[in-house]
Every structure is written in C-alpha cells, then in structure tokens.
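Some notes on the structure that comes next.
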2 protein chains.
Amino acid sequence: MNINDLTNKLKEKNIKVSFQRIKVLEYLNNNRTHPTVDQIYNDLHLEITSLSRTTIYNTLNALVESGLVKLITIDDNTSRYDIDTRNHGHFKCQTCKNIYDFKVNIDSLSEKELKDFEINSKDVYFKGICPNCSI
Amino acid sequence: MNINDLTNKLKEKNIKVSFQRIKVLEYLNNNRTHPTVDQIYNDLHLEITSLSRTTIYNTLNALVESGLVKLITIDDNTSRYDIDTRNHGHFKCQTCKNIYDFKVNIDSLSEKELKDFEINSKDVYFKGICPNCSI
DNA sequence: AATATAATTGTAATCATTACAAAGTAGTAT
DNA sequence: ATACTACTTTGTAATGATTACAATTATATT
Ligand SMILES: [Mn+2]
Ligand SMILES: [Mn+2]
Ligand SMILES: [Zn+2]
Ligand SMILES: [Zn+2]
C-alpha cells in the first residue's frame, strides 16, 4: 500500500486527510508489530519533531472508530493497534512480549448461545511462550 | 462454594489465608459479573470499612498469578476478574457494558501455525449489542 | 511470650489516556 | 485576494487505573 492508497482509505471513511494522519497510517502499514502509542510516537517524533502525542491518540481513535484500524487489548495496561482488520488471532509471548498473528477460523465460533446478540467484533487472544524464547 | 472451600483453594495454591483474601474470593464467587477493582472495593468497603484498595489489587494479583482467578482484558482501560477459569468466551455489550459468558470450543482453535508455541491461556472476546439492548 | 515473617493500610508516585484551550491550517464565500 | 468558517494540531493540565513504598498490624514459629 502506498501513500495514495492510504489517502484514499481516509477519504472513503470521511476522515480529512492530513500529513500527521497519513504518517500514522503509513507507520502502521510498515510496522506490523501491533505497536503501542509510545512506540509510534517515539519513532515518528524523530522524523516529525513537532508531532504531539495527543495527535497520535486522536488519530488512532478516529482510525479505530472508522474501522480502518483494529484496537488490540491483549495487554492489560496498554492499547495496541493493528492495520490488519481481517479476522485473525493474536499470540503474546510472555517472555519477549512480541505479539504474533495466527490464522483462526473465528467465524466457526459463532455459538447458538449468541444467536440473539449482534456481534460487531471478535478477538482471539492467546498467551504463552514463543519458540524463540522456549529454546 | 462455601468459605471452607475458598480457604482450601488458597491453601492449595500456597496463598496465606486472610480475612481480606477470603472476602475478595467470596465476592468473586457470589458476583459472576466480571467486576472491576472499583466495584469490588465499593461493595466490600461498605462491610469492611478498614479495607484498602491496595489490598484488593494485591489480592487479585496473587489470585491471578496462582491461576485461581482469570484476568479479563476485554475493556480497553480497566481490568476485570472472573472466578470461572474454565475456557469460555466473553461478550461485552457496548450499550449496557455487561459482560456475558458463552460456551466456545476454544480447544478446537489450536492451529498448526502455533505448534511450536507453548500456550498458557486462551481468551475469546466478542463485542456488540446484547438482546436486552437491541429491542 | 518473643521473634520472625508476611499482610494490610494510606499515601505518594507512575503510567496511559483524555480534556481543553490556544494556535495553526485548509477550504469556501465574498 | 480577503474574510470567514470549520477542523486539526499542539502543549499542558487533569483524570483514572495501577503500583511503590514505608509504617502498622496480623499471623506463624520458636
Ligand atoms: Mn494482528
Ligand atoms: Mn466469564
Ligand atoms: Zn518470545
Ligand atoms: Zn446490553
């Protein structure tokens, strides 16, 4: 995805295009690590010295609200963000703290118990030790 | 589960038994609503005026650490706690904020992609609108 | 009963996030 | 082009959840 694609994504969602918003989207597009606000801020701030943390929060809230970005709450204290909004699971290594994606057939989970519930989002979070850390 | 059972659960996990810890466990046993620290504190504080919020945090951290209680991070800002540690899914209504349990065959999710990962916990979080709120 | 160990409490500190107001930016109508 | 308007960005202050810490209190062991 290039900057044009990202710009169009914003326009489709009626989010006004700005330099900062493009930069945040671009960051998420290039860093598929489910970054925290602080990681995004620290990295982008090197490049854009005027950038404010508040702008990152505002932007991410707008992106999540619009559905362009997914909020990940696998951490108990810090929000993480994922530009990949397709259904997939997240595995957090308790040692190295990395968050891995994995395929999971979430649609097969829809249980009859929830037939009268309107489901807007589904998340599958696993925790444990990743292969790199279990050697 | 009575107080004796709860006491034994603590002993089995080598958590020293105290009045406060029993009360927190008893609260979780009687309130299957996935309460927050504040809900637990506000309710128990009526009965035990000397109770400190810090004790509730300490106790819950010990209970989660030991595996007696499950930490629920379906909220983006507040931890919730569940005495039911069996595998089951959680549905959060975005209107009334209630969190519902539902059966889900989580074991069927173990994907081959994760065959070299050591999995310690699995969580399934859905969000949407519950039947009471969608009328 | 004396001692050692651990739990509880209250307060202060920390961390993530939001609120808010001032300043900046871009588009539109005149 | 200028004035107007609406929106975004920024910096700082405020909030809310959680943890750190030290003094006090309770529990267990000798
Ligand atoms: Mn992901
Ligand atoms: Mn539950
Ligand atoms: Zn790891
Ligand atoms: Zn509801």
Side-chain angles (χ1 to χ4, degrees), chain A residues 6-7 9-11 13-27 34-66 68-69 71-81 92 97 99, chain B residues 3 6-11 13-27 34-66 68-69 71-81 92 97 99:
Chain A
L6 300 174
T7 303
K9 284 200 162 212
L10 289 176
K11 285 181 177 164
K13 295 292 185 177
N14 289 317
I15 299 176
K16 296 233 171 72
V17 178
S18 74
F19 175 66
Q20 291 86 342
R21 286 171 178 174
I22 290 290
K23 280 296 183 182
V24 170
L25 253 192
E26 189 187 33
Y27 185 91
H34 316 96
T36 63
V37 167
D38 256 43
Q39 288 163 350
I40 300 171
Y41 175 76
N42 287 327
D43 287 351
L44 287 183
H45 186 244
L46 295 173
E47 197 187 334
I48 312 157
T49 46
S50 70
L51 185 65
S52 163
R53 214 180 291 265
T54 300
T55 298
I56 304 208
Y57 276 104
N58 288 342
T59 299
L60 289 170
N61 287 343
L63 293 174
V64 169
E65 175 77 17
S66 76
L68 283 181
V69 165
L71 172 65
I72 310 283
T73 61
I74 196 171
D75 267 347
D76 42 333
N77 49 353
T78 316
S79 292
R80 293 177 168 273
Y81 299 88
K92 178 176 180 183
K97 316 297 185 198
I99 295 177
Chain B
I3 295 201
L6 300 174
T7 304
N8 287 332
K9 282 197 163 216
L10 289 176
K11 285 181 178 167
K13 295 291 185 179
N14 289 316
I15 298 176
K16 296 234 171 72
V17 178
S18 74
F19 175 67
Q20 290 88 342
R21 286 172 177 174
I22 291 289
K23 279 297 183 181
V24 170
L25 255 191
E26 189 187 35
Y27 185 90
H34 316 96
T36 64
V37 166
D38 256 43
Q39 288 162 349
I40 301 171
Y41 175 75
N42 287 328
D43 287 351
L44 287 184
H45 185 245
L46 296 173
E47 197 186 333
I48 312 159
T49 46
S50 70
L51 185 65
S52 163
R53 215 180 290 265
T54 301
T55 298
I56 304 207
Y57 277 105
N58 288 341
T59 299
L60 289 170
N61 287 344
L63 293 174
V64 169
E65 174 77 17
S66 76
L68 283 181
V69 165
L71 172 65
I72 309 282
T73 62
I74 197 170
D75 267 348
D76 43 333
N77 50 353
T78 315
S79 293
R80 294 176 167 273
Y81 299 87
K92 179 177 179 182
K97 315 298 184 197
I99 294 178

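Reminder, nothing fancy here: chain letters follow the sequence lines and each chain counts from 1. Quick note: numbers below take in every heavy atom, side chains included, and nothing from hydrogens, waters or symmetry partners.
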Pairwise distance [atom1]([X]) to [atom2]([Y]) - rounded to 0.5 angstrom:
X       : Y       : atom1 : atom2 : value
B/Leu10 : B/Leu63 : CG    : CG    : 6.5 Å
A/Asn42 : A/Leu51 : CG    : CG    : 10.5 Å
B/Ile74 : B/Ser79 : CD1   : OG    : 12.5 Å

Let me know the distance between [atom1] of [X] and [atom2] of [N], rounded to the nearest Å.
X       : N      : atom1 : atom2 : answer
B/Leu44 : C/dT9  : CG    : P     : 11 Å
A/Asn61 : C/dA16 : CG    : P     : 16 Å
B/Asn14 : C/dA7  : CG    : P     : 11 Å

Name the residue closer to the 5' end of DNA chain C, choosing between B/Asn77 and B/Phe19 according to the nucleotide with the nearest heavy atom.
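The residue mapped nearer the 5' terminus is B/Phe19.
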
Would you please confirm or rule out a distance under 4.0 Å between OP1 or OP2 of C/dT8 and any side-chain N or O of B/Ser18?
yes

Going by heavy atoms closer than 4.0 Å, what residues in residues 48-58 of chain A are next to DNA chain C?
A/Thr54, A/Tyr57

From the 5' end of DNA chain D to its 3' end, which nucleotides mark the outer limits of contact with chain A, defined by a 4.0 Å heavy-atom distance cut-off (strictly under)?
D/dC7 to D/dT12

Would you tabulate the nitrogen or oxygen pairs shorter than 3.5 Å linking the protein to nucleotides 25-27 of chain C?
none

Which residues share a side-chain hydrogen bond (donor to acceptor under 3.5 Å, both in side chains) with [X], sequence neighbours left out:
X       : value
B/Arg80 : B/Asp75
A/Glu26 : A/Lys23
B/Asp43 : B/Tyr27

Report for the helix from C/dA1-D/dT30 to C/dT30-D/dA1: angle between first-end and last-end helix axes, five pairs each, rounded to 10 degrees.
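That helix has its two terminal axes inclined by roughly 20°.
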
With a 3.5 Å cut-off and sequence neighbours excluded, list the donor-acceptor pairs that the side chains of residues 14-22 of chain B form with protein atoms.
from    : atom 1 : to      : atom 2 : distance (Å)
B/Ser18 : OG     : B/Arg21 : N      : 3.1
B/Arg21 : NH1    : B/Lys16 : O      : 2.9

For A/Val37, the side chain to side chain contact (heavy atoms under 4.5 Å, CB included) test, sequence neighbours excluded, returns A/Arg53, A/Ile56, A/Tyr57, A/Leu60, A/Tyr81

Contact class for B/Ser79 vs. all strands (heavy atom < 4.0 Å): base, sugar-phosphate, or nothing?
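Result for B/Ser79 = sugar-phosphate.
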
Quick one: does any side-chain atom of A/Glu47 pair with a main-chain N or O of A/Leu44 as donor and acceptor, under 3.5 Å?
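No, because the side chain of A/Glu47 does not come within donor-acceptor range (under 3.5 Å) of the backbone of A/Leu44.
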
